[in-house]
Amino acid sequence: MPDIHIKNTRIYYNNSLQPAELLIENGKITKIGKDFRVSSSDMVIDAGGALTLPAGIDVHVHFREPGMTLKENWYTGSCSAAAGGIATVIDQPNTLPPTTERRSFEQKLKLARKKSIVDFGINGGVTGNIEKLKELWRLGVTAFGEIFMAESTGGLNINEETFEEALAEIKKLGALATIHAEDEKMRLELEQLLKGDVSYDYHSKVRPNACEASAVQSALELISRLQVRAHFCHLSTLEAVGMIRKEKYLAKRENKKPLFTCEVTPHHLFLSTKDWERLRAFGKMNPPLRGSHSIKALVNGLNDGTIDMVASDHAPHLESEKDLDIRAAPSGVPGVETLLPLMLAAVRKNILPLSQMIMVTSWNPAKAFGLDCLGKGRLEVGFDADLVIVDPRNLQPIRAEMLHSKAGWTPFEGMDAVFPEYTLSRGEVIWMEEAINAKPGRGNFLEGSGKRSEEDEESEEEYFEEAGSD
């Protein structure tokens, strides 16, 4: 008897939308077909013709715990994810304390296991802790970073020498480096030059397009020289997209797989410098809001495969913290709950096709971060039943009061979105009928490949020891 039978739905399969039914058992998709003759099941979901799609994977969230739980915690952040159709998240290291060694990692892991309702990975921080990276990798971090090339929330930015040392060590480990690419020297020079500027768009001026482009170029050169796997966080400029496109083209021409992937955020896709007057410091994030030419380049990059995925960079702060002068307010906006709904609305508006939206919100993130090996990212038999059921006709405006983050506000207020009717995680309905349907702590920790490979090595050693004793 299946645990869940989803009927009267449509799925994107073999390059087209098709009517289908799904059977789910023990958290996995076990059958996809039409007109199943199932005598009974624990739960039947009649989708009423709505779409069933892979749930989102958000590889870039800041759930703020430990240390900043007034802004967010693992329970509220994961509820926000579930309500927005995200079934897997990867948390970033700039908490208090930062996740830079065994003790802080184990502290965060304990809290996440106790509170998260979605599955999760945890990234390891990179500061002056090069000697701790191997330990973190063996403990199971998903990746390293975001590695801050410039100042941002948490103060984990590093200099060029440490950056190179870190990438070299990450290469030795066979791990993935995730990079926040902004040029700190340029930022400091412009900050001094513009110290008298009180305009709304000050933050975009002090971190201009060239600030990102310079850092991306430097990072690409290092990645190539060291042959390290890397991922660029939150690309925001037409110049950076052009560099990435060129490098991917050259790799393809030589029949090589690119060493790097990259992401874009919804706030860089759907907001611009035109929103500064409306948002004021509520629109402050790193990298900052960009102009229309960059937005067009980001959309094109998403459509042609230059940009691999969409991630929220969910970085909540309270309204009282953001309602300050642009210089004094912290950088960051909430976004995990609105990521998939905004992307679904973009499909509805023909900004990108449904097939590409599925790739950039589920399959590509799973592949890039090694989650495909854990059954994540596809609506296929044998994969985890991480699913959303959505009616694309149900466009509705985003309202802060309907969201679940502790932030209590959204930069996307009033924008069109398509929210899920159901979110399933490993075959469990965790969001339905506009309500959370899951207990704290049901989320699984998704061990990074460093932890998994260590376990494989130990199993091999035990096998040979036993064989030798026979």
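For clarity, every value in this text was computed on a predicted model and none was experimentally measured.
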With salt bridge (charged side-chain N to carboxylate O under 4.0 Å, His left out) as the rule and sequence neighbours excluded, what pairs involving residues 346-374 come up? Lys349-Asp416
Who pairs with Arg426 by salt bridge (Lys or Arg N to Asp or Glu O under 4.0 Å), at least two apart in sequence or on another chain? Asp119
For Thr76 and Glu72, indicate whether the former's side chain and the latter's backbone hold a donor-acceptor pair under 3.5 Å. no
Applying side chain to side chain donor-acceptor pair (under 3.5 Å), can you list everything that pairs with Asp386, at least two apart in sequence or on another chain? Lys376
Please check if any side-chain donor atom of His314 sits under 3.5 Å from a side-chain acceptor atom of Arg64, or the reverse. no
Pair Thr265-Asp313, side-chain donor/acceptor within less than 3.5 Å: no
Once side chain to side chain donor-acceptor pair (under 3.5 Å) is applied, do any residues pair with Arg393, and if so which ones, sequence neighbours excluded? Asp391
Look only at the side chain of Gln92 and the backbone of Glu146, and say whether a donor-acceptor pair between them is shorter than 3.5 Å. yes
Is it the case that Ser331 and Asn286 place a side-chain donor and acceptor less than 3.5 Å from each other? yes
For Glu319, the salt bridge (Lys or Arg N to Asp or Glu O under 4.0 Å) test, sequence neighbours excluded, returns none
Taking salt bridge (Lys or Arg N to Asp or Glu O under 4.0 Å) as the test, write out the residues that go with Lys71, two or more places apart. Glu321
Could you list all the salt bridge (charged side-chain N to carboxylate O under 4.0 Å, His left out) pairs where at least one residue sits in residues 427-438, not counting sequence neighbours? Glu428-Arg442
Residue set satisfying ring-ring contact (aromatic ring centres under 6.0 Å, His included) with His268, at least two apart, ordered chain then number -> none
Distance-only donor-acceptor pairs under 3.5 Å for side chains of residues 350-361, two or more places apart:
unit_1	atom_1	unit_2	atom_2	d
Gln356	NE2	Leu302	O	2.8
Thr361	OG1	Met357	O	2.7

Pick out which of Tyr75, Trp74, Phe63 makes a ring pair (Phe, Tyr, Trp, His ring centres under 6.0 Å) with Phe120. Trp74
Show the numbers, then the answer: is there a salt bridge (Lys or Arg N to Asp or Glu O under 4.0 Å) between Lys248 and Asp308? CA-CA 11 Å; Lys248 285 192 171 185; Asp308 301 276; 2.8 Å; yes
Backbone N/O of Ala329 and side chain of Lys322: donor-acceptor pair under 3.5 Å: no
Lys108 and Thr99 side chains, donor-acceptor separation under 3.5 Å: yes
Pair Glu101, Lys132 - check salt bridge (Lys or Arg N to Asp or Glu O under 4.0 Å), show working. CA-CA 6 Å; Glu101 38 71 43; Lys132 300 290 185 182; over 6 Å; no
Among Leu298, Ile244, Asn300, Leu269, which one satisfies side chain to side chain contact (heavy atoms under 4.5 Å, CB included) with Ile307? Leu298
Partner set under salt bridge (Lys or Arg N to Asp or Glu O under 4.0 Å) for Lys256, not counting sequence neighbours: Glu254
So for atom NZ, which belongs to Lys134, do other residues, nucleotides or ligands contribute more than 12 heavy atoms lying within a distance under 6.0 Å? no
Sorted by chain and residue number, the side chain to side chain donor-acceptor pair (under 3.5 Å) partners of Glu65 (sequence neighbours excluded) come out as Lys115
Contacts of type side chain to side chain donor-acceptor pair (under 3.5 Å), residue Ser236, not counting sequence neighbours: Glu212, Arg290
Got a salt bridge between Arg399 and Glu413, using NZ or NE/NH1/NH2 to carboxylate O under 4.0 Å? yes
